[in-house]
Amino acid sequence: MVLTEKDKIEQFKRDLRSYTYHQKKAMEIDEKLEGLAVKLLGVSSPSAKEIVLENSGNPYCERKLELLMEEGELVNERSKHLAEIQRIDDALKLIDDEGKSILVYVFVEHNSYMKSAETYSRSISKLRRDMNEYIKIILKNES
């Protein structure tokens with residue numbers, strides 16, 4: 001199935017709306033990776049009580065391989081989110097500053113068309129036409 005120009009414009013709008021989602025996910029993964037690094041290094045505070053091994057698993061069994069696999073998966077997932085952020089940043093560099101600020105204001109910052117039209121001194125229909133033109137420029141130069 002071939003995507004029409006209108007479909008591509010709508011997809012790019014969805015990509016812009018998901019920009020903050022990708023940022024949040026990358027930050028969450030960074031926090032998880034920090035936690036895994038602590039587990040891998042085995043840093044912990046000394047126990048004040050004597051250790052009782054009754055009804056416990058093998059104390060010599062290490063989970064390092066499992067933790068390394070989890071770390072690899074998290075790194076791959078973070079890379080995907082960072083690549084999407086970079087793709088959007090590169091796409092926005094293809095248009096002038098006004099176009100970039102309009103698209104970011106409306107889609108990334110999730111402001112309403114009404115508020116955006118007032119901010120940029122345009123009618124809502126003019127704002128929509130301008131945004132579509134900026135996205136067309138991006139799509140034409142991105143490929």
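A quick note: this is a predicted structure, and the numbers were derived from the prediction, not measured.
- Residues M27 and I29 do not share a hydrophobic cluster, defined by chaining ILVMFWY side chains whose heavy atoms lie under 4.5 Å apart.
- Grouping the Ile, Leu, Val, Met, Phe, Trp and Tyr side chains by contacts below 4.5 angstrom, directly or via other members, places V75 with L36.
- Residue Y21 is not grouped with residue F12 when hydrophobic side chains (ILVMFWY) are merged at heavy-atom distances under 4.5 angstrom, including chains of intermediate members.
- None of K13, E10, E5 except one satisfies the side-chain contact (heavy atoms from CB on, under 4.5 Å) rule with I135; the exception is K13.
- Between the side chains of Q11 and D15, a donor-acceptor pair is found at a separation under 3.5 Å.
- I138 places a side-chain heavy atom less than 4.5 Å from the side chain of L103.
- Y113 and F107 have perpendicular rings, their planes meeting at more than 60° on a 0 to 90° scale where under 30° would count as parallel.
- With respect to K115 and E118, no salt bridge is recorded, no charged nitrogen being found less than 4.0 Å from a carboxylate O.
- A side-chain contact (heavy atoms from CB on, under 4.5 Å) with H81 holds for exactly one of Q86, K25, E28; it is K25.
- Looking at L92 and L16, their side chains come closer than 4.5 Å, going by heavy atoms from C-beta outward.
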For the pair V108 and I88, evaluate side chain to side chain contact (heavy atoms under 4.5 Å, CB included) and give the outcome as yes or no after the intermediate values.
CA-CA 11 Å; V108 177; I88 293 169; 5.7 Å; no
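- Between E77 and K80 there is no salt bridge, since no side-chain N of the basic residue sits under 4.0 Å from a carboxylate O of the acidic one.
- Between R87 and E84 there is a salt bridge, since at least one side-chain N of the basic residue sits less than 4.0 Å from a carboxylate O of the acidic one.
- Residues satisfying the ring-ring contact (aromatic ring centres under 6.0 Å, His included) criterion with Y105, sequence neighbours excluded, are Y120.
- The minimum heavy-atom distance between I95 and K100, with the atom names listed, is CD1-N, 3.5 Å.
- For the pair I124 and A117, the tightest heavy-atom approach, listed with the atom from each and the gap, is CG1-CB, 3.9 Å.
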Give the intermediate values and the outcome of salt bridge (Lys or Arg N to Asp or Glu O under 4.0 Å) for residues D130 and K126.
CA-CA 6 Å; D130 290 347; K126 172 77 170 128; 2.9 Å; yes
